[in-house]
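Note sheet for the following structure.
Residue numbers begin at 1 in each chain, while the letters A, B, ... track the order of the sequences.
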Amino acid sequence: EAQVTQNPRYLITVTGKKLTVTCSQNMNHEYMSWYRQDPGLGLRQIYYSMNVEVTDKGDVPEGYKVSRKEKRNFPLILESPSPNQTSLYFCASSPRPGSSYEQYFGPGTRLTVT
Amino acid sequence: RKEVEQDPGPFNVPEGATVAFNCTYSNSASQSFFWYRQDCRKEPKLLMSVYSSGNEDGRFTAQLNRASQYISLLIRDSKLSDSATYLCVVNPGYNFNKFYFGSGTKLNVKP
């Protein structure tokens, strides 16, 4: 089944404890992206990747890192999480870079930082 | 000013009703436009792309008005299963890999 998977789905952690949220897609998509969703603000783009080893900042990259060492994986790293990073996170992929393609979303990761 | 703005609703309509949502965007150079549907904090799923000439998919019609910088979504003959939050998504044009999402319009279809 073609899909985007994220792990973990739920995470409660403490301020400053490094964490990684994994994202994997099995559709051979070139483009991948991370978003966070907060009430009243909609989804905001954190980082995106056009292909292996090619990443760029979205609108809210502060406090996050990403890497794209393999085509299928695009992990999101929070080196020192803070409470303002409590949010619902979605990973998405699409076949190619470029604005006209549908994005396929993972099921989301609900992160709470205390 | 936000890149993309939507009326949060909720829009409460009876089954069978016709309902329309608008979404305004701030960047006149915006290139691509989409409507996504999101059920109760689950992942968004593409409902339809919005083309310059307007497009229809069954009960759903999307329109683009570049002069006034808004897109619209019309749902005819609403079903209970249409209850969801509808997200407007815009690519700003200056970067084809960036996307701006509206905060969504909630639709409740009542029996």
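- Heavy atoms closer than 4.5 Å to chain A are found nowhere in B:Lys45, neither backbone nor side chain.
- The neighbour count for B:Tyr94 OH, taken as heavy atoms of other residues, nucleotides or ligands under 6.0 Å away, is above 12.
- Looking at B:Leu87, the atoms closer than 4.5 Å to chain A (heavy atoms on both sides) all sit in the side chain, from C-beta outward.
- Heavy-atom minimum distance, A:Tyr31 versus B:Asn97: OH-O, 2.6 Å.
- Each of B:Ile71 and B:Phe96 belongs to its own hydrophobic cluster when Ile, Leu, Val, Met, Phe, Trp and Tyr are linked at side-chain heavy-atom distances under 4.5 angstrom.
- Using a 4.5 Å cut-off between heavy atoms, B:Phe34 contacts chain A through its side chain alone, with no backbone atom that close.
- Proximity to chain A (any heavy atom under 4.5 Å) is shown, for B:Lys98, by both the backbone and the side chain.
- Proximity to chain A is limited to the side chain of B:Gln38, based on heavy atoms less than 4.5 angstrom apart.
- Of the two parts of B:Phe33, neither the backbone nor the side chain holds a non-hydrogen atom closer than 4.5 Å to a non-hydrogen atom of chain A.
- Two different hydrophobic clusters hold A:Met50 and A:Met32 under the rule that ILVMFWY side chains link at heavy-atom gaps under 4.5 Å.
- By the 4.5 Å heavy-atom criterion applied to side chains, A:Leu43 and B:Phe99 are not counted as neighbours.
- Although no hydrogens or angles enter the test, the distance criterion places no donor-acceptor pair under 3.5 Å between the side chain of A:Tyr35 and the main chain of B:Phe101.
- Minimum heavy-atom separation, A:Ser99 to B:Gln31: OG-CB, 4.4 Å.
- Within a 6.0 Å radius of CD1 in A:Ile12, other residues, nucleotides and ligands contribute 12 heavy atoms or fewer.
- One hydrophobic cluster holds both B:Leu64 and B:Leu73 under the rule that ILVMFWY side chains link at heavy-atom gaps under 4.5 Å.
- B:Leu47 is connected to B:Ile75 through a chain of hydrophobic side-chain contacts under 4.5 Å among Ile, Leu, Val, Met, Phe, Trp and Tyr, so both are in one cluster.
- In this structure, chain B has no heavy atom under 4.5 Å from any part of A:Arg44.
- In the hydrophobic clustering of ILVMFWY residues, with side-chain heavy atoms under 4.5 Å counting as a link, A:Leu88 and A:Val113 come out apart.
- B:Pro44 touches chain A through backbone and side chain together, each having a heavy atom under 4.5 Å away.
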